[in-house]
> 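Okay, handing you the structure first.
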Amino acid sequence: MSLIVLCAGGHAKVVIEALLSRGTRPAAVTDRDASRIGETIGGIPITGPDDDILKMDTASVTLANGLGNRASRSDSGLAGRRALFERFTALGYTFPVIAHASAVIASDAVLGDGAQVMAGAVIQPAARIGRNVLINTRAVVEHDGVVGDHAHIAPGAVLCGGVSIGEGAHIGAGAVILVGVSVGAGAIVAAGAVVARNVEAGGFAGGGRD
Ligand SMILES: CC(C)(COP(=O)(O)OP(=O)(O)OC[C@H]1O[C@@H](n2cnc3c(N)ncnc32)[C@H](O)[C@@H]1OP(=O)(O)O)[C@@H](O)C(=O)NCCC(=O)NCCS
């Protein structure tokens with residue numbers, strides 16, 4: 001069974017590093033930019049566009065989502081990452097959980113398909129992490145935390161105990177979500193924000209102007 005990383009951007013480098021930390025060497029990275037074929041990223045060759053996957057049997061290959069996101073106040077930037085995951089899962093391909101060797105994951109935490117837990121992240125007991133979620137470098141999900149599908153908990157963000165993050169929400173780097181707070185689906189939390197009250201679906205918190 002070989003593993004292929006989709007999209008050769010900055011996030012792909014972090015995904016490759018997490019895989020290598022566990023002794024898994026991806027076979028290839030895909031990218032839609034044909035001019036990059038032949039380059040390497042993290043020591044792994046870029047071999048062609050995403051659609052090359054379609055020539056491969058679903059039982060012979062697993063995939064990793066290498067697409068990151070850039071959030072603004074009005075857009076989490078996560079749609080592309082979600083679409084990539086949904087397109088290939090609908091076609092029968094699987095995305096295994098990827099966890100860097102230095103991540104700490106409680107024995108009873110539950111992680112959905114394609115969840116990614118990067119270097120130094122900590123996921124505490126009874127946490128539930130959805131499909132295609134990105135728990136980025138050194139982020140913390142405390143006990144009983146819930147993170148909905150496709151959400152991104154950016155580097156160094158801290159979800160205190162019992163926090164709930166909705167599907168497709170973006171929690172910015174270094175943000176702190178206080179105990180028991182809910183952040184709605186698709187909401188955006190600015191880097192460095194301290195969030196003490198619930199955030200509505202599609203809402204925005206932090207960043208000096210809310
Ligand atoms: C809050 C955020 C979403 C705003 O993005 P944006 O809509 O593109 O806004 P801009 O960058 O144009 O900034 C608009 C204003 O808010 C300020 N600002 C931006 N982010 C801020 C933050 N996190 N905290 C405080 N002020 C912030 C800017 O300085 C600017 O101020 P000004 O109008 O006085 O010059 C974004 O800055 C952010 O925090 N994103 C999270 C990034 C992240 O964690 N990425 C993880 C990558 S792995």
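Whatever order the structure lists them in is the order used to number ligands and atoms, beginning at 1.
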> Which of the atoms of ligand 1 are close to Ala173, meaning less than 4.0 Å from one of its heavy atoms?
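Every atom of ligand 1 under 4.0 Å from some heavy atom of Ala173: 43 (C), 44 (O).
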
> Which part of Arg70 is near ligand 1, with near meaning a heavy atom under 4.0 Å away: side chain, backbone, both or neither?
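No part of Arg70 comes within reach of ligand 1.
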
> Name the option, out of Arg73, His170, His152, that contains the heavy atom nearest to atom 43 (C) of ligand 1.
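Looking at heavy atoms only, the winner is His170.
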
> List ligand 1 atoms under 4.0 Å from Ala191, heavy atoms only on the residue side.
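Those qualifying, in numeric order: 22 (C), 23 (N), 24 (N), 38 (C), 39 (O), 41 (C).
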
> Can you find a heavy atom in the side chain of Arg81 that is under 4.5 Å from one in the side chain of His11?
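SC-SC contact between Arg81 and His11 confirmed.
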
> What part of Pro155, side chain from CB on, backbone N/CA/C/O, both or neither, has a heavy atom under 4.0 Å from ligand 1?
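The part of Pro155 near ligand 1 is the side chain, not the backbone.
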
> Below 4.0 Å, non-hydrogen atoms only: which portion of Ser72 touches ligand 1? Side chain, backbone, both or neither.
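The part of Ser72 near ligand 1 is both the backbone and the side chain.
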
> Looking at Phe204, which atoms of ligand 1 are within less than 4.0 Å of one of its heavy atoms?
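Listed by number with element, the hits are 1 (C).
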
> Check each atom of ligand 1 against the heavy atoms of Gly172 and keep those under 4.0 Å away; list them by number with element.
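Checking each atom against Gly172, I get 44 (O).
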
> So, do Thr89 and Asp113 sit near enough that their side-chain heavy atoms are less than 4.5 Å apart?
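The answer is no; the side chains never approach within 4.5 Å.
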
> Can you name the residues that form a side chain to side chain contact (heavy atoms under 4.5 Å, CB included) with Pro49, not counting sequence neighbours?
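Per chain and number, Pro49 pairs via side chain to side chain contact (heavy atoms under 4.5 Å, CB included) with Asp52.
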
> Which of the numbered atoms in ligand 1 are under 4.0 angstrom from any heavy atom belonging to Ala154?
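It comes down to these atoms of ligand 1: 44 (O), 46 (C).
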
> Under 4.0 Å, counting heavy atoms only: does His11 come that close to any atom of ligand 1?
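So His11 does not count as touching ligand 1.
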
> I want to check something: taking the side chain as every heavy atom from C-beta on, are Leu19 and Val15 in contact at a cut-off of under 4.5 Å?
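Side-chain contact under 4.5 Å: yes.
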
> In the structure I gave you, are the side-chain heavy atoms of Ile123 and Ile135 within less than 4.5 Å of one another anywhere?
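Yes; the side chains approach each other to less than 4.5 Å.
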
> Does the pair Met56 and Ile4 meet the rule for a side-chain contact (heavy atoms from CB on, under 4.5 Å), with working shown?
CA-CA 11 Å; Met56 299 172 200; Ile4 294 181; 3.5 Å; yes

> Thr24 vs Ile98, test: side-chain contact (heavy atoms from CB on, under 4.5 Å). Steps then yes/no.
CA-CA 10 Å; Thr24 300; Ile98 293 171; over 6 Å; no

